[in-house]
Amino acid sequence: MATYTISEVAQKYNMRPSTLRYYEDLGLLYNVPRKNGHRVYTDQHLSRLSTICCYKNAGMSLDELAAFFHYSESEEDVAKTLALLDEVDDRIQRQITELQANYQQIQRKKHYFADIQTALTAHQLRPKWEDYRHQIY
């Protein structure tokens, strides 16, 4: 069984060792054994940490993560687990919609300024922003 030091895990997940200790304090990571006074992480710990990172990157708060792990470890709380995941799913969908709108605005501006550059080089009239305002790229 592979084992990892706190420094190795922190480097692998691009976080500080203090973050790993904090996750332990919160109970998000648990049963981390010590060898000669140093934490020893296993692949099981890394799997859980990957889940923590995924859900944090998806916008879950640490409180939501704690609730998720609490709910998901008990079959009695399946409805609560699903409700929490539905909330996060809704939040992500709103973010995706907002990002897509922002992406379209960036694309419109890129095309607009590229066409300005072309017009300036060719000594032609500059394009009008109104012609780009509602374009979909």
Side-chain angles (χ1 to χ4, degrees):
M1 173 173 71
T3 60
Y4 311 89
T5 67
I6 194 168
S7 296
E8 291 171 329
V9 174
Q11 183 177 9
K12 178 177 176 68
Y13 287 90
N14 196 29
M15 61 179 61
R16 296 166 43 141
S18 60
T19 302
L20 292 166
R21 290 189 289 274
Y22 183 58
Y23 288 170
E24 276 188 69
D25 291 343
L26 294 176
L28 297 176
L29 286 175
Y30 58 90
N31 293 335
V32 179
R34 307 289 197 278
K35 184 176 180 181
N36 298 325
H38 298 281
R39 288 170 170 80
V40 179
Y41 295 90
T42 64
D43 287 330
Q44 184 177 1
H45 295 113
L46 270 55
S47 176
R48 184 152 173 130
L49 187 57
S50 292
T51 300
I52 292 168
C53 291
C54 171
Y55 289 2
K56 273 190 68 346
N57 288 337
M60 261 193 189
S61 69
L62 293 177
D63 287 340
E64 288 174 320
L65 272 165
F68 169 77
F69 285 126
H70 174 75
Y71 297 155
S72 64
E73 290 169 1
S74 167
E75 289 186 11
E76 297 172 13
D77 290 327
V78 171
K80 290 179 181 178
T81 303
L82 286 170
L84 177 58
L85 291 173
D86 281 341
E87 284 179 36
V88 174
D89 182 33
D90 290 344
R91 225 172 23 228
I92 290 170
Q93 290 301 322
R94 286 191 301 272
Q95 289 173 327
I96 289 170
T97 299
E98 185 177 325
L99 283 171
Q100 287 173 332
N102 293 341
Y103 176 78
Q104 282 303 312
Q105 180 66 2
I106 296 295
Q107 293 305 307
R108 284 189 283 275
K109 288 292 186 176
K110 280 179 53 181
H111 282 83
Y112 174 63
F113 284 103
D115 289 348
I116 287 174
Q117 185 176 35
T118 300
L120 291 173
T121 302
H123 304 291
Q124 297 175 344
L125 292 175
R126 292 173 44 149
K128 296 178 184 174
W129 171 243
E130 294 76 31
D131 296 335
Y132 297 80
R133 187 179 308 268
H134 302 290
Q135 291 293 324
I136 302 296
Y137 295 97

Under the side chain to side chain donor-acceptor pair (under 3.5 Å) rule, collect the residues that match up with [X], sequence neighbours excluded.
X     : answer
Glu24 : Arg39, Tyr41
Thr42 : His45
Asp43 : Tyr4

Could you list all the salt bridge (charged side-chain N to carboxylate O under 4.0 Å, His left out) pairs where at least one residue sits in residues 102-112, not counting sequence neighbours?
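Matches after skipping sequence neighbours: none remain.
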Which residues pass the salt bridge (charged side-chain N to carboxylate O under 4.0 Å, His left out) test with Arg91, not counting sequence neighbours?
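Expected list: Glu64.
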Glu98: which residues meet the salt bridge (charged side-chain N to carboxylate O under 4.0 Å, His left out) condition with it, sequence neighbours left out?
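Scan of Glu98 (salt bridge (charged side-chain N to carboxylate O under 4.0 Å, His left out), adjacent residues dropped) gives none.
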What's the separation between atom [atom1] in [X] and atom [atom2] in [Y], rounded to the nearest 0.5 Å?
X      : Y      : atom1 : atom2 : result
Phe68  : Lys80  : CZ    : NZ    : 15.0 Å
Ile92  : Leu99  : CD1   : CG    : 11.5 Å
Phe69  : Ile52  : CZ    : CD1   : 4.5 Å
Arg133 : Lys128 : CZ    : NZ    : 12.5 Å
Leu84  : Asp89  : CG    : CG    : 11.0 Å

Could you tell me whether [X] atom [atom1] has more than 12 heavy atoms of other residues or ligands within 6.0 Å of it?
X      : atom1 : answer
Gln11  : CD    : no
Gln44  : CD    : no
Asn102 : CG    : yes
Gln117 : CD    : no

Applying the 4.5 Å side-chain criterion to the ILVMFWY set and letting contacts propagate, would Val40 and Tyr30 be lumped into a single cluster?
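Shared cluster, no.
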Residues in side-chain contact (heavy atoms from CB on, under 4.5 Å) with [X], at least two apart?
X      : value
Gln100 : Ile96
Ala119 : Gln124, Pro127
Leu26  : Tyr22, Leu28, Leu62
Tyr13  : Val9, Met15, Leu46, Leu49, Ser50, Cys53

Can you list the steps and then say if His38 with Ile6 is a side chain to side chain contact (heavy atoms under 4.5 Å, CB included)?
CA-CA 8 Å; His38 298 281; Ile6 194 168; over 6 Å; no
Checking Tyr71 now: which residues fulfil ring-ring contact (aromatic ring centres under 6.0 Å, His included) with it, not counting sequence neighbours?
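Tyr71: no ring-ring contact (aromatic ring centres under 6.0 Å, His included) contacts found.
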Which heavy atom in Thr3 sits nearest to a heavy atom in Glu8, and how many Å separate them?
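Closest heavy-atom pair between Thr3 and Glu8: O-OE1, 4.1 Å.
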Taking the hydrophobic residues Ile, Leu, Val, Met, Phe, Trp and Tyr, and joining any pair whose side-chain heavy atoms are under 4.5 Å apart, which ones share a cluster with Tyr137?
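Taking Ile, Leu, Val, Met, Phe, Trp and Tyr as members, Tyr137 shares its hydrophobic cluster with Tyr112, Phe113, Ile116, Leu120, Trp129, Tyr132.
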Short side-chain to backbone donor-acceptor contact, Arg34 and Val32, under 3.5 Å:
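Side chain of Arg34 to backbone of Val32: a pair is present.
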Is there a donor-acceptor pair under 3.5 Å between the side chain of His70 and the backbone N or O of Ala66?
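Checked: no pair found.
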Tell me whether Arg48 forms a cation-pi arrangement with Tyr23, defined as NZ or CZ under 6.0 Å from the six-membered ring centre and within 45 degrees of its axis.
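No, Arg48 does not sit over the ring of Tyr23.
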